[in-house]
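Chain letters run A, B, ... following the sequence lines, proteins first and then strands; every chain starts at 1. Side chains included, hydrogens not; waters and symmetry mates left out as well; all remaining heavy atoms used.
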Number of protein chains: 2
Amino acid sequence: MTQKQEQLSKNQQIVLNIIEKAKGPLKAYSILYNVQKRGIKAPLQVYRALEKLIEIGKIHKIESKNAFIACKNSDCEISKATAFSICNNCEHVKEIKNTKLSKYLSNFEDNSGMKYKKYNLEFFGLCRDCKLKQ
Amino acid sequence: MTQKQEQLSKNQQIVLNIIEKAKGPLKAYSILYNVQKRGIKAPLQVYRALEKLIEIGKIHKIESKNAFIACKNSDCEISKATAFSICNNCEHVKEIKNTKLSKYLSNFEDNSGMKYKKYNLEFFGLCRDCKLKQ
DNA sequence: CTTAATTTGTTATAATATAACGTTTGTTAT
DNA sequence: ATAACAAACGTTATATTATAACAAATTAAG
């Protein structure tokens, strides 16, 4: 077994647990509220944990929502290529796991010849449930 | 001539002018500072103009930077499909105009069958200048 | 004109995020 | 084991980004 086990610190583990248990993306201050019973008292403690967790690819930030979600893409150890679908109605967010898409985007080059190491894509629309309810 | 000329209000015009003259994306409070000589005094006046300008597709928000940039894509009247390249070093931001890319993304469907009306894509890397300087 | 809708001006405040500082804990090399 | 260094922690204060609420002024449409 060559699986490199990332050793998380206490606060990082607490914050990650909350995010992984959540049904959708969580906002920083909502995380803070949730972890106060576990000893984390200040925003900065949360933000520092979030920063680290993003860095190692355990979570992602949904930029359009300023919210944080656990990575479901087990094979993106350090996640530089992210894509999400976001329902405009119920706000449900799902990480998109699509090899064709990620290959397409990872290999994309614009006319300036600039090659990209990282991208974030956010799709917006209505999820199936919300489409039916309309 | 069926060109629908959007009639902007005074504040909207002021804010748009600043953004169009800028070399890169501007932050809301930087815009505020820049337009105070023209009578706009409060953040809300700026944010309201920004909201409208985004709605009609004159500007876009760069989510990862909380900054606003003029739309260079003259044919996306109401811009629901945006893509940007962002240099991690010099922070230069450029709107990507690439028909293949926008077609690919506009037609993208994930396995849930969800179809998207809107997307925002932000690529990160080193622009040519910064790559050479490294 | 007058009614409705939009935009404005203003004050206050909410929500999101980081600076700066010193302390503690964990890792690595001797 | 311990010195030296790096990473994480705790804490206070503050910076940055964004919206609520309300009344007045302006503009568009019938």
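Contact annotation: the side chain of B:Cys127 never approaches that of A:Ser112 to less than 4.5 Å [non-hydrogen atoms, C-beta and beyond].
The stretch residues 86-94 of chain A has no heavy atom under 4.0 Å from DNA chain D, so no residue of it qualifies as close. Within residues 25-45 of chain B, the residues approaching DNA chain D are B:Lys27, B:Tyr29, B:Leu44, by heavy-atom distance under 4.0 Å.
Between the CG atom in A:Leu126 and the OG atom in A:Ser85 there is a gap of 11.0 Å [rounded to 0.5 Å]. Taking CG of A:Leu26 as the start and OH of A:Tyr33 as the end, the distance is 13.5 Å to the nearest 0.5 Å. Interatomic distance, CG of B:Leu8 versus CD of B:Gln13, reported as 5.0 Å (0.5 Å rounding).
The side chain of B:Tyr47 lies closest to D:dT19 when the candidates are D:dC22, D:dT19, C:dT18. Here the nucleotide nearest the side chain of A:Gln12, chosen from D:dA8, C:dT7, D:dT17, is D:dA8. Comparing atom distances between the A:Lys52 side chain and each of C:dT18, D:dA8, C:dT8 picks out D:dA8 as nearest.
Separating the CZ atom of B:Arg48 from the P atom of C:dG9 is a distance of 8 Å, rounded to the nearest angstrom. One can place NZ of A:Lys10 at 14 Å from C1' of C:dG26, the figure rounded to the nearest angstrom. As a whole-Å value, the separation of A:Glu51 CD from D:dA7 P is 12 Å. In this structure, B:Ile62 atom CD1 and D:dT17 atom P are separated by 14 Å, rounded to whole Å. Note: CG (B:Leu50) to P (D:dT19) measures 10 Å, nearest angstrom. D:dT27 atom P lies 10 Å from atom CD of B:Gln7, rounded to whole Å. Spacing between atom CD1 of A:Ile14 and atom C1' of D:dG10 amounts to 13 Å, rounded to whole angstrom units. Between A:Leu53 atom CG and D:dA7 atom P the separation is 16 Å, expressed in whole Å.
Between A:Lys61 and C:dT16 there is no side-chain polar atom (N or O) within less than 4.0 angstrom of OP1 or OP2. Between B:Asn66 and D:dT16, a side-chain N or O to OP1/OP2 separation shorter than 4.0 Å is absent. Phosphate contact (OP1/OP2 of C:dT8, side-chain N/O of B:Ser9, threshold under 4.0 Å): present.
Between A:Glu91 and A:Lys65, at least one side-chain N (NZ, or NE/NH1/NH2) sits under 4.0 Å from a carboxylate O, which counts as a salt bridge. Here B:Lys58 does not pair with B:Glu20 in a salt bridge; the nearest charged N to carboxylate O distance is not below 4.0 Å.
Axis deviation across the helix from C:dC1-D:dG30 to C:dT30-D:dA1 amounts to 50°, comparing end segments of five pairs, rounded to 10 degrees.
Between the side chains of A:Asn11 and A:Ser9, no donor N or O sits under 3.5 Å from an acceptor N or O. With no hydrogens or angles considered, no side-chain donor-acceptor pair links B:Glu63 and A:Ser64 at under 3.5 Å. Under 3.5 Å, the side chains of A:Glu109 and A:Asn107 contain no donor-acceptor pair of N or O atoms.
Side chain of A:Glu95 to backbone of A:Cys71: no donor-acceptor contact under 3.5 angstrom is found.
Here A:Phe123 and A:Phe84 keep their ring centres 6.0 angstrom or further from each other. Taking the ring centroids of A:Tyr116 and B:Phe124, they lie at or beyond the 6.0 Å cut-off.
Using a 4.0 Å heavy-atom cutoff across all strands shown, A:Lys65 reaches no nucleic acid atom at all.
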